[in-house]
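Encoded as structure tokens, the structure appears first; notes follow it.
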Amino acid sequence: MSTFALIEKSKHAVPLIPVQAKQYAKWLAGQPKAVQAWLNAQQFKGEPATFCVMPNEQGQLSQVIVGIAEEPDLFALAHLPKQLPEGDYTLEDKHKLLHKVPVEQGWGLAAYQFTRYKKAKRAPAKLVWCKHSDKKLIENILAATYLVRELIETPAEDMAPSDLAKAAQKVAKQFGASVKLIVGDALLKANYPTIHAVGRACTKPSQLIDLCWGKAKHKKITLVGKGVCFDTGGLDLKPAEGMLSMKKDMGGAAHVLGLAQLIMAMNLPVCLRVLIPAVENSVAGNAFHPGDVIKTRKGLTVEVGNTDAEGRLILCDALAEAVTEKPDLLLDFATLTGAARVALGTEVGALFTN
């Protein structure tokens, strides 16, 4: 049974031999002449994120030489799952080049395939677990990450506020957590006016998802995630190109659910609360307008300058509720502005903190 393209053992696993560019010439000199000739013919140099397959005398795959960085990280083998031929592989690491690196985590992340609507063209190559690896931690991290990816990749037709709520309930049920939902016009009665205002133009009712887990005696951690399941921009309508990726505007909600799953799976000694305002920012006759003045849960009033700035509106109500319990740690996951990506690129997250 293979999970995350990782397996316990295999009788026919092909060895992966890690080498580093600086030591490659010395390593190569110690290999049989046939191996030297093959690698030289393939112009393999041991550069990071490269590999060379080695056949035996029968022409069958016998081993794979893998180039890794001088300071390898968990992605040292991540280029392999979808490039190597299908089959089982095992890491031969005699010099412990990757001994302290969770390469299975990078392998599992790289092996991910979104198959809800379309079958994968091929299965990823599978890696045998290394003896020194923290299997439980890595599997829980991968499961949480896969959950985040599945939620974000799913288009809005199948990831409405109610679907996001079902995902939260599924995670909660797995770990014995509780989930409270405040749906549609009940948001007004419960004093979540900005969440209601942003989502009221959609035929799919907005929801506040409230998940709780853990013992009250432990440190309190509260996670708040932006759950805009689709963002048209509202009456300040986005151009068509700007809407193409807006299924991802619930990425904050996906992340807090993934993190919550990881916390519960590891049974961390915390008192956890997750708050997700789930809405669609749609266009209809009852949509909120530019220039509207909306009263928030905290009692402050907000003048809407642009209906495409909806994230801060729904989050302010959720955050106002979150701080009432004075958590020891409050994390707010948002996808608030593209300017953050312009400033920092795709590999660094924008962070505001005290």
Side-chain angles (χ1 to χ4, degrees), residues 1-113 115 119-139 141-142 145-146 347:
M1 180 66 180
S2 172
T3 305
F4 312 118
L6 299 168
I7 54 177
E8 291 290 347
K9 56 185 177 180
S10 172
K11 294 182 179 179
H12 308 290
V14 176
L16 301 174
I17 314 296
V19 297
Q20 296 168 311
K22 286 186 178 180
Q23 286 78 38
Y24 177 67
K26 181 179 178 181
W27 175 87
L28 184 63
Q31 302 304 308
K33 290 185 177 180
V35 172
Q36 295 182 32
W38 177 264
L39 290 172
N40 288 332
Q42 303 302 316
Q43 299 184 327
F44 182 73
K45 303 295 182 183
E47 296 294 333
T50 64
F51 69 93
C52 185
V53 295
M54 296 286 302
N56 58 21
E57 293 180 357
Q58 290 74 40
Q60 299 170 326
L61 181 58
S62 63
Q63 60 183 2
V64 181
I65 315 302
V66 183
I68 61 172
E70 290 302 310
E71 296 184 7
D73 59 17
L74 63 90
F75 295 108
L77 305 180
H79 56 298
L80 300 176
K82 294 177 184 175
Q83 293 191 50
L84 287 177
E86 292 183 37
D88 302 341
Y89 296 83
T90 186
L91 183 62
E92 297 288 334
D93 195 5
K94 295 179 181 179
H95 302 291
K96 306 297 188 264
L97 295 176
L98 301 175
H99 186 71
K100 296 182 179 180
V101 180
V103 290
E104 294 95 341
Q105 184 177 334
W107 187 284
L109 291 172
Y112 172 80
Q113 299 181 78
T115 57
K119 289 184 178 180
K121 294 182 179 179
R122 52 155 289 180
K126 296 186 283 291
L127 179 68
V128 176
W129 283 94
C130 301
K131 294 180 180 179
H132 59 268
S133 298
D134 189 337
K135 182 181 175 185
K136 179 182 177 182
L137 175 61
I138 291 173
E139 285 190 329
I141 290 173
L142 290 174
T145 307
Y146 274 37
E347 295 190 17

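- Without hydrogens or angle criteria, Y146 side chain to G108 main chain gives a donor-acceptor distance under 3.5 Å.
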For this session: For the pair F51 and L84, evaluate side-chain contact (heavy atoms from CB on, under 4.5 Å) and give the outcome as yes or no after the intermediate values.
Result: CA-CA 9 Å; F51 69 93; L84 287 177; 3.6 Å; yes

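- For the pair R122 and P85, the tightest heavy-atom approach, listed with the atom from each and the gap, is NH2-C, 4.1 Å.
- For H132 (side chain) and H99 (main-chain N/O), a donor-acceptor pair under 3.5 Å exists by modelled atom type.
- In this structure, F4 and E139 approach most closely via the heavy-atom pair CE1-O, 3.7 Å.
- Scanning all heavy atoms of the two residues, the minimum distance from E92 to P15 falls at CG-CB, 3.3 Å.
- Using a distance-only test at 3.5 Å, with no hydrogens or angles considered, a donor-acceptor pair links the side chain of W107 to the main chain of A125.
- Nearest approach of W38 to V53, heavy atoms of both residues: NE1-O, 2.9 Å.
- The side chain to side chain contact (heavy atoms under 4.5 Å, CB included) test with P18 singles out one residue from L91, V103, L77, and that residue is L91.
- Residue E70 qualifies as enclosed at atom CD: its count of foreign heavy atoms under 6.0 Å is above 12.
- Nearest heavy-atom pair across L142 and L109 is CD2-N, 3.6 Å.
- Counted within 6.0 Å of CD on E347, heavy atoms from surrounding residues, nucleotides or ligands total 12 or fewer; the atom is thus considered open.
- From T3, atom OG1 reaches atom CD1 of I138 across 13.5 Å, with rounding to the nearest 0.5 Å.
- Although no hydrogens or angles enter the test, the distance criterion places no donor-acceptor pair under 3.5 Å between the side chain of K126 and the main chain of E86.
- L127 pairs in a side chain to side chain contact (heavy atoms under 4.5 Å, CB included) with only one of the listed residues (L16, T90, I7), which is L16.
- In this structure, CD in Q105 is found 5.0 Å from CG in L74, a value given to the nearest 0.5 Å.
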Please list, one pair per line, the donor and acceptor atoms closer than 3.5 Å that link side chains of residues 59-68 to other protein atoms, with sequence neighbours excluded.
residue : atom : partner : partner atom : Å
S62     : OG   : M54     : O            : 2.8

For this session: Would you check, one step at a time, whether the test side-chain contact (heavy atoms from CB on, under 4.5 Å) holds for K121 with Q113?
Result: CA-CA 10 Å; K121 294 182 179 179; Q113 299 181 78; over 6 Å; no

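- The line from CG of N40 to NZ of K33 is 13.0 Å long, rounded to the nearest 0.5 Å.
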